[in-house]
Amino acid sequence: MHRNTAFYDQLTPFYHLIHQDWNGSIERQGQQLSALIEREWPGKRRVLDVACGIGTQALALARLGYAVTASDLSPAEVARAKLEAKQRNLQVAFSVCDMRQVHAHHGSEFDVVVCADNSLPHLLSNDEIRGALEQMYACAQPGGGCVITVRDYDAEPRGTGILKPYGVRIEGGKRYLPFQVWDFEGPFCNITFFFVEEELSSGAVRTHAMRSKYFAVSISVLLELMADVGFQNVRRLDDAFYQPVLIGTRGA
């Protein structure tokens with residue numbers, strides 16, 4: 001089992017609560033990603049999402065008419081993504097796969113490869129990231145693109161006990177308080193994701209905690225690694241998405 005599989009399996013039932021309005025986020029992110037794809041790779045419609053989670057970006061693009069294939073290392077998240085697609089009458093080919101093995105799993109039939117939501121820094125070294133990028137490059141057709149969204153760790157203050165609150169959510173007779181606590185340790189950021197769950201009728205409270213680790217890699221290093229594996233016209237885009245976006249194109 002990959003070190004993050006248990007983290008995301010545990011996170012699955014709460015994942016949508018990260019968003020103030022998950023359906024609204026799906027719609028907004030779909031519009032943003034579609035605008036980016038149409039601008040950079042006009043007419044490209046076959047998308048591979050290599051870290052789909054519960055489906056935020058995959059569902060969004062499928063809703064806009066893209067042919068979407070999507071995978072994630074978490075079986076629980078993939079199972080939920082399939083259910084979410086069925087409930088929305090969307091056709092997405094979901095499956096379980098580690099992003100470091102996506103070419104062997106999916107092949108090379110894609111116009112655009114997407115890796116969103118700061119998924120790439122779960123790989124804890126430049127070599128691991130380079131290996132995943134090589135897989136994404138191999139999945140892209142000549143002239144196709146790669147879209148990666150990440151946190152800008154260079155803009156984050158270092159330290160321990162750093163609180164990252166998400167606000168309050170109310171759903172199904174319960175109130176949730178989701179927040180993260182970050183502890184930097186050298187080049188890594190250890191996170192604990194807490195969900196405090198309160199039954200509104202009884203006041204009973206449960207706390208769920210799940211832990212993971214990120215490589216606080218610089219965006220400049222990620223751009224260099226993208227270029228190293230062969231992507232061309234590699235660059236960073238700000239204000240295109242809720243996170244910085246890194247893009248590159250496989251040569252024709």
Practice prompt. Give the cluster check for Tyr176 versus Leu11: same hydrophobic cluster or not, with ILVMFWY residues linked at side-chain heavy-atom distances below 4.5 Å.
Written response: yes
Contacts table for residues 155-162: side-chain donor-acceptor under 3.5 angstrom, sequence neighbours left out:
unit_1	atom_1	unit_2	atom_2	d
Glu156	OE1	Lys164	NZ	2.8
Arg158	NH1	Tyr153	O	2.8
Arg158	NH1	Glu156	O	3.2

Item to complete: Under the side-chain hydrogen bond (donor to acceptor under 3.5 Å, both in side chains) rule, collect the residues that match up with Asp152, sequence neighbours excluded.
Response: Arg236
Worksheet item: Any side-chain donor-acceptor pair under 3.5 Å between Glu84 and His16?
Response: no
Item to complete: Applying ring-ring contact (aromatic ring centres under 6.0 Å, His included), run through Tyr15 and Phe193 and close with a yes or a no.
Response: CA-CA 11 Å; Tyr15 201 117; Phe193 210 148; 8.4 Å; no
Worksheet item: Between the side chain of Arg235 and the main-chain N/O of Asn233, is any donor-acceptor distance below 3.5 Å?
Response: yes
Response to the item:
Nearest heavy-atom approach of Cys115 to Met99 is SG-CE, 4.0 Å
Discussion item. Test of understanding: clusters of I, L, V, M, F, W, Y form through side-chain heavy atoms closer than 4.5 Å, transitively. Do Val112 and Leu246 belong to the same one?
Written reply: no
Worksheet, complete the sentence: Between the CH2 atom in Trp182 and the CG atom in Asn190, the distance rounded to the nearest 0.5 Å is 12.0 Å
Worksheet item: Can you name the residues that form a side chain to side chain contact (heavy atoms under 4.5 Å, CB included) with Gln243, not counting sequence neighbours?
Response: Asn118, Thr149, Arg151
Item to complete: Hey, could you give me each pair passing salt bridge (Lys or Arg N to Asp or Glu O under 4.0 Å) that has a residue in residues 46-56? Not counting sequence neighbours.
Response: Arg46-Asp111
Fill in: Contacts of Gln232 that satisfy side-chain hydrogen bond (donor to acceptor under 3.5 Å, both in side chains) - sequence neighbours left out
none
Discussion item. Using side-chain heavy atoms (C-beta onward) and a distance below 4.5 Å, is Phe215 in contact with Leu120?
Written reply: no
Worksheet item: Heavy atoms, side chains only, cut-off 4.5 Å: are Ser95 and Thr69 in contact?
Response: no
Worksheet item: Would Val245 and Gln32 count as a side chain to side chain contact (heavy atoms under 4.5 Å, CB included) if you check the C-alpha gap in whole Å, the side-chain angles of each, and the deciding distance to 0.1 Å?
Response: CA-CA 11 Å; Val245 177; Gln32 292 169 332; over 6 Å; no
Worksheet item: Among all residues two or more places apart in sequence or in another chain, which pass the side-chain hydrogen bond (donor to acceptor under 3.5 Å, both in side chains) test with Gln87?
Response: none
Worksheet item: Can you get from Val147 to Tyr242 by hopping between Ile, Leu, Val, Met, Phe, Trp and Tyr side chains that sit under 4.5 Å apart?
Response: yes
Practice prompt. Please report the closest heavy-atom contact between Arg39 and Pro42, naming both atoms and the distance.
Written response: O-CD, 4.1 Å
Practice prompt. Sequence neighbours left out, what passes side-chain hydrogen bond (donor to acceptor under 3.5 Å, both in side chains) with Ser71? Give chain and number order.
Written response: His106
Worksheet item: Are Val78 and Ile18 connected, step by step, through hydrophobic side chains (Ile, Leu, Val, Met, Phe, Trp, Tyr) whose heavy atoms are closer than 4.5 Å?
Response: yes
Discussion item. To the nearest 0.5 Å, what is the distance between CG on Asp21 and CZ on Arg169?
Written reply: 9.5 Å
Item to complete: Check the side chains of Ser212 and Asn4 for a donor-acceptor pair under 3.5 angstrom, ignoring hydrogens and angles.
Response: yes
Worksheet entry | Over 12 non-hydrogen atoms of neighbours within 6.0 angstrom of CD in Glu171 | yes
Fill in: Distance (rounded to the nearest 0.5 Å) between Gln180 CD and Ile191 CD1
4.0 Å
Distance-only check: which donor-acceptor pairs under 3.5 Å involve side-chain atoms of residues 130-145, not counting sequence neighbours?
unit_1	atom_1	unit_2	atom_2	d
Arg130	NH1	Asp127	OD1	2.9
Gln135	OE1	Val102	N	3.1
Gln135	OE1	His103	N	2.8
Gln141	NE2	Ser108	O	2.3

Practice prompt. Can you measure from CD (Glu40) to SG (Cys146) and round to the nearest 0.5 angstrom?
Written response: 12.0 Å
Worksheet item: Under a 4.5 Å cut-off applied to non-hydrogen side-chain atoms, are His122 and Leu73 in contact?
Response: no
Worksheet item: Transitively linked via ILVMFWY side-chain contacts under 4.5 Å: Val234 with Ile37?
Response: no
Response to the item:
Taken in chain and number order and not counting sequence neighbours, the residues that satisfy ring-ring contact (aromatic ring centres under 6.0 Å, His included) with Phe110 are none
Practice prompt. Identify the heavy atoms of Ala216 and Phe184 that sit nearest to each other, and give their distance.
Written response: CB-CE2, 3.9 Å
Discussion item. Counting only heavy atoms not in Asp239 (residues, nucleotides, ligands), do more than 12 fall under 6.0 Å from its CG?
Written reply: no
In residues 50-68, what donor-acceptor pairs under 3.5 Å come from side-chain atoms, sequence neighbours left out?
unit_1	atom_1	unit_2	atom_2	d
Thr56	OG1	Trp22	NE1	2.9
Gln57	NE2	Gln29	OE1	2.7
Gln57	NE2	Asp117	OD1	3.4
Gln57	NE2	Asp117	OD2	3.1
Tyr66	OH	Ser34	OG	2.9
Tyr66	OH	Arg45	NH1	3.4

Worksheet item: Under a 4.5 Å cut-off applied to non-hydrogen side-chain atoms, are Ile247 and Trp41 in contact?
Response: yes
Practice prompt. Measure from NZ or CZ of Lys82 to the centre of the six-membered ring of Phe94, then state whether that distance is under 6.0 Å and the direction lies within 45° of the axis.
Written response: no
Worksheet item: Are the side chain of Glu128 and the backbone of Leu124 linked by a donor-acceptor contact shorter than 3.5 Å?
Response: yes
What donor-acceptor contacts under 3.5 angstrom involve side-chain atoms of residues 219-230, with partners at least two apart or in another chain?
unit_1	atom_1	unit_2	atom_2	d
Ser220	OG	Ser218	OG	2.8

Practice prompt. Quick one: which residue pairs count as a salt bridge (Lys or Arg N to Asp or Glu O under 4.0 Å) with a foot in residues 195-205, not counting sequence neighbours?
Written response: Lys174-Glu197, Lys174-Glu199, Arg175-Glu198
Worksheet item: Below 4.5 Å, heavy atoms only, C-beta onward: do Phe179 and Val196 meet side chain to side chain?
Response: yes
